[in-house]
**Q** 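So that we are looking at the same thing, I have put the structure below in structure tokens.
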Amino acid sequence: MSMNTLLEVSGVSVSFDGFKAINNLSFQIAPAELRAVIGPNGAGKTTFMDIVTGKTKPDEGRVLWGEKSISLLSMNEAAIARAGVGRKFQKPTVFEDQTVSENLMMALSADRGWWSVLWFRPKAENRDRVAELAEEVGLLDQLPRLAGELSHGQKQWLEIGMLLAQEPRLLLVDEPAAGMTPEEREHTTDLLVEVAKTRAVVVVEHDMEFVRRLNCKVTVLHEGSVLAEGGLDHVTADPQVIDVYLGR
Amino acid sequence: MSRSFIAKNPSVLVFLAGLALFTLLVTVFSEGFGVGGLSTSFVKTLGKTLCLCLVAIAMDLIWGYCGILSLGHFAFFGLGGYMVGMWLMYARTEIIVEGALAQGAIPPTSQEVIDGIGTQIFGVVGSSEFPSIWAFSDSLILQLMMVVLVPGLLALIFGWLAFRSRVTGVYLSILTQAMTLALALYLFQNDSGLRGNNGLSGLQNLPGVSASQDVVSIWFLWASAFALGAGYVLAAFVVSGKFGSVIRGIRDNEARVRFLGYPVESFKLMLFTLTAMIAAIAGALYYPQAGIINPAEIAPIASIYLAVWVAIGGRGRLYGAVLGAAFVSLVSTWFTGGQAPDINLGFYTIQWVDWWQVILGLSFVFVTLYAPKGIGGLFDLIKTGEKS
Ligand SMILES: Nc1ncnc2c1ncn2[C@@H]1O[C@H](COP(=O)(O)OP(=O)(O)OP(=O)(O)O)[C@@H](O)[C@H]1O
Ligand SMILES: [Mg+2]
């Protein structure tokens with residue numbers, strides 16, 4: 001694994017009841033890189049994230065992480081998250097029974113052991129950080145509200161805020177713009193581009209306008225493997241890509 | 001736990017004040033310390049009710065807050081009772097045996113005393129040997145440590161096996177119920193070392209204490225009230241702040257909590273063990289007031305009742321658990337104690353002793369379907385009523 005790779009996935013396959021959802025997939029990303037992943041429904045984009053985050057164990061292949069090239073395959077979800085992989089889910093998943101502020105506080109980077117969590121009482125700097133994150137995702141005036149009362153778009157924002165709060169080295173973002181207004185989409189792209197200056201960010205998105213604004217390398221997935229990779233203009237000119245994805 | 005914690009949770013102060021007032025009032029009207037009016041057996045019922053409220057708080061922590069429907073917490077409660085019962089029985093029998101042997105011409109050897117105690121305690125199950133589990137029963141301190149250590153260790157081992165294999169939901173409930181049943185069946189055996197279905201008895205008589213039950217019942221009332229107050233403060237501390245956020249998160253979406261990096265299994269294991277210990281302390285205070293503990297107390301149905309109390313009181317709020325346990329267990333005592341007058345309909349006589357179970361079952365179904373917040377939910381209505 002080269003010095004300039006944060007995550008290296010190679011030769012990974014996984015099947016569900018005989019159906020190959022991921023087929024000999026290989027993927028690499030640098031420590032400060034923005035990458036868009038596109039592909040038709042069922043291409044395996046979410047399953048790819050499941051594998052990296054430890055939710056699904058692949059049948060074969062390697063998933064290596066960081067400078068020391070440690071394998072993520074032997075780690076559980078929580079350990080992978082603590083190693084620095086953060087994830088935003090396709091369907092926004094926030095803790096609806098708790099306030100926006102509690103959601104962010106829970107995500108805030110800190111010791112995750114039960115003993116220190118038990119004694120944790122938010123300090124001024126923690127509260128400031130939560131307010132700062134809330135401002136960044138436009139939820140500053142919503143802090144005391146229950147997350148369950150937020151609109152779909154606001155829940156998306158909250159989850160993005162929680163993702164940032166974790167301060168991960170790699171952000172896996174599954175369809176962040178679903179349910180957002182055009183202005184909100186623009187804000188999201190700006191945010192992701194900004195974050196990717198210091199971290200690795202993988203964004204799954206169907207909306208081509210959104211991907212164009214990200215202005216980054218694109219990986220096209222199809223039937224569980226990489227069909228094409230490169231600039232957006234390059235991959236959209238690829239006849240195979242047009243055939244399976246854009247031409248429909 | 002700091003002073004600011006209680007200051008920030010005024011409901012804790014309200015609860016403690018209410019509990020103190022209740023305890024004082026009962027004392028004032030008791031036979032032992034006050035003007036009379038409340039019978040000693042009723043004082044004991046109230047003291048026992050406080051213990052049931054404490055075990056309900058433990059149940060609310062593990063189920064209401066963390067979503068683990070344990071049907072085994074009454075087993076930990078019973079184990080706590082057994083642990084304290086062993087010392088009570090040993091120490092009291094020792095005094096009796098020593099007294100009897102002192103009548104003889106030559107002073108008894110210590111072996112004769114031990115044999116005498118053994119015969120007294122285990123005669124009913126045809127034995128006179130002390131089983132090894134009674135090794136510490138001559139020491140109050142050690143046996144009090146066993147009150148928390150034995151149920152705590154059982155919970156730790158059981159929880160470690162279950163949570164590590166990610167057994168959740170109804171499967172976990174069934175597993176806890178199986179543990180409870182296995183424990184009860186084991187204790188029913190004569191060679192369990194705990195006197196089989198005879199259980200441990202005479203627990204209301206404190207060794208070396210000549211005070212009457214009128215007085216002792218008030219001591220236990222105060223001890224139970226103190227334990228309930230401490231348990232309430234501890235539980236309120238645990239569920240406030242980030243730990244509370246994390247366990248409620250585990251209840252609502254366990255996988256999401258994992259993706260935030262929290263070791264979900266160790267949070268569950270810690271809480272399961274802690275609540276088992278709280279349940280055990282409640283049991284250790286309950287059974288000296290009840291006077292007897294036998295394996296029937298640990299029967300699976302008891303743990304199910306515990307869940308019913310918490311559901312009716314309103315899970316996910318501590319005062320809900322307390323209200324549910326107090327209300328349902330007191331009403332239950334009234335109905336099953338034969339105080340409720342039977343209703344003769346001519347063609348059929350409603351006997352509350354039998355019908356109470358049906359009412360309880362129906363109210364559980366009603367609460368689950370139509371009032372998931374339970375009695376505690378009424379407080380929300382009052383609050384929203386004030387606002388509007
Ligand atoms: N746990 C599972 N069990 C069985 N099949 C699964 C499972 N997870 C995913 N699949 C299947 O694997 C394939 C890939 O699914 P995946 O969710 O990764 O697609 P996707 O690219 O994220 O699609 P979308 O754009 O619709 O979100 C689909 O055919 C899906 O039905
Ligand atoms: Mg998907």
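Proteins get letters first, then strands, A, B, ... in listed order; numbering begins at 1 in each.
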**Q** Less than 4.5 Å apart, side chain to side chain, heavy atoms only: is that true for Arg251(B) and Asp97(A)?
**A**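 In contact.
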**Q** Around Lys68(A), counting heavy atoms of other residues, nucleotides and ligands shown, do more than 12 lie under 6.0 Å from its NZ?
**A** no
**Q** Within a radius of less than 6.0 Å around CZ of Phe327(B), do more than 12 heavy atoms belonging to other residues, nucleotides or ligands occur?
**A** no
**Q** Does any heavy atom of chain B fall under 4.5 Å from the side chain of Asn76(A), the backbone, both, or neither of them?
**A**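 For Asn76(A), side-chain heavy atoms alone lie under 4.5 Å from chain B.
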**Q** Kindly indicate, with the supporting measurements, whether the criterion ring pair (Phe, Tyr, Trp, His ring centres under 6.0 Å) is fulfilled by Trp119(A) and Phe237(B).
**A** CA-CA 9 Å; Trp119(A) 294 102; Phe237(B) 175 76; 5.2 Å; yes
**Q** Gly249(B), Gly241(B), Ala255(B), Gly244(B): which one forms the most heavy-atom pairs within less than 4.5 Å of chain A?
**A**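 Sorted descending by pairs with chain A, the first entry is Gly249(B).
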**Q** How many angstroms lie between atom CZ of Phe259(B) and atom CE of Met162(A), to the nearest 0.5 angstrom?
**A**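 Result: 13.0 Å between the selected atoms.
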**Q** With the side chain counted from C-beta on, respond yes when Phe243(B) and Trp114(A) share a heavy-atom pair under 4.5 Å apart, and no when they do not.
**A** yes
**Q** Taking C-beta and beyond as the side chain, do Met106(A) and Tyr262(B) meet within less than 4.5 Å on heavy atoms?
**A** yes
**Q** Check whether Arg82(A) reaches the backbone of Gly261(B) with its side chain - one donor and one acceptor, N or O, closer than 3.5 Å.
**A** yes
**Q** For the residue pair Met105(A) and Lys242(B), what are the closest heavy atoms and their distance?
**A**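 Heavy-atom minimum between the residues: O-CD, 3.7 Å.
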**Q** For Ser245(B), is there any backbone N or O sitting under 3.5 Å from a side-chain donor or acceptor partner on Gln98(A)?
**A**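 Such a contact is found between Gln98(A) side chain and Ser245(B) backbone.
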**Q** Drop me the distance from Glu96(A)'s CD to Asp252(B)'s CG, to the nearest 0.5 angstrom.
**A** 8.5 Å
**Q** Of the backbone (N, CA, C, O) and the side chain (C-beta and beyond), which part of Val257(B) lies under 4.5 Å from a heavy atom of chain A, both, or neither?
**A**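 Both parts, heavy atoms under 4.5 Å.
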**Q** Quick check on Gln166(A) against chain B: is it the side chain, the backbone, both or neither that has a heavy atom closer than 4.5 Å?
**A**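 It is the side chain, since no backbone atom gets that close.
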**Q** Is it the case that over 12 heavy atoms from other parts of the model lie below 6.0 angstrom from the CD atom of Glu149(A)?
**A** yes
**Q** For a quick check under 3.5 Å, do Arg121(A) and Ser240(B) share a side-chain donor-acceptor pair by atom type?
**A** yes
**Q** With a 4.0 Å cut-off, would you call Glu102(A) and Arg248(B) a salt bridge?
**A**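 Arg248(B) and Glu102(A): salt-bridged.
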**Q** About how many Å separate CG of Leu108(A) and CG of Leu260(B), when rounded to the nearest 0.5 Å?
**A**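 These two atoms lie 11.0 Å from each other.
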**Q** Within a radius of less than 6.0 Å around CZ of Arg129(A), do more than 12 heavy atoms belonging to other residues, nucleotides or ligands occur?
**A**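 Result for CZ/Arg129(A): enclosed.
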**Q** Is the side chain of Arg256(B) donor-acceptor paired with the backbone N or O of Phe95(A) at a distance under 3.5 Å, no angle test?
**A** no
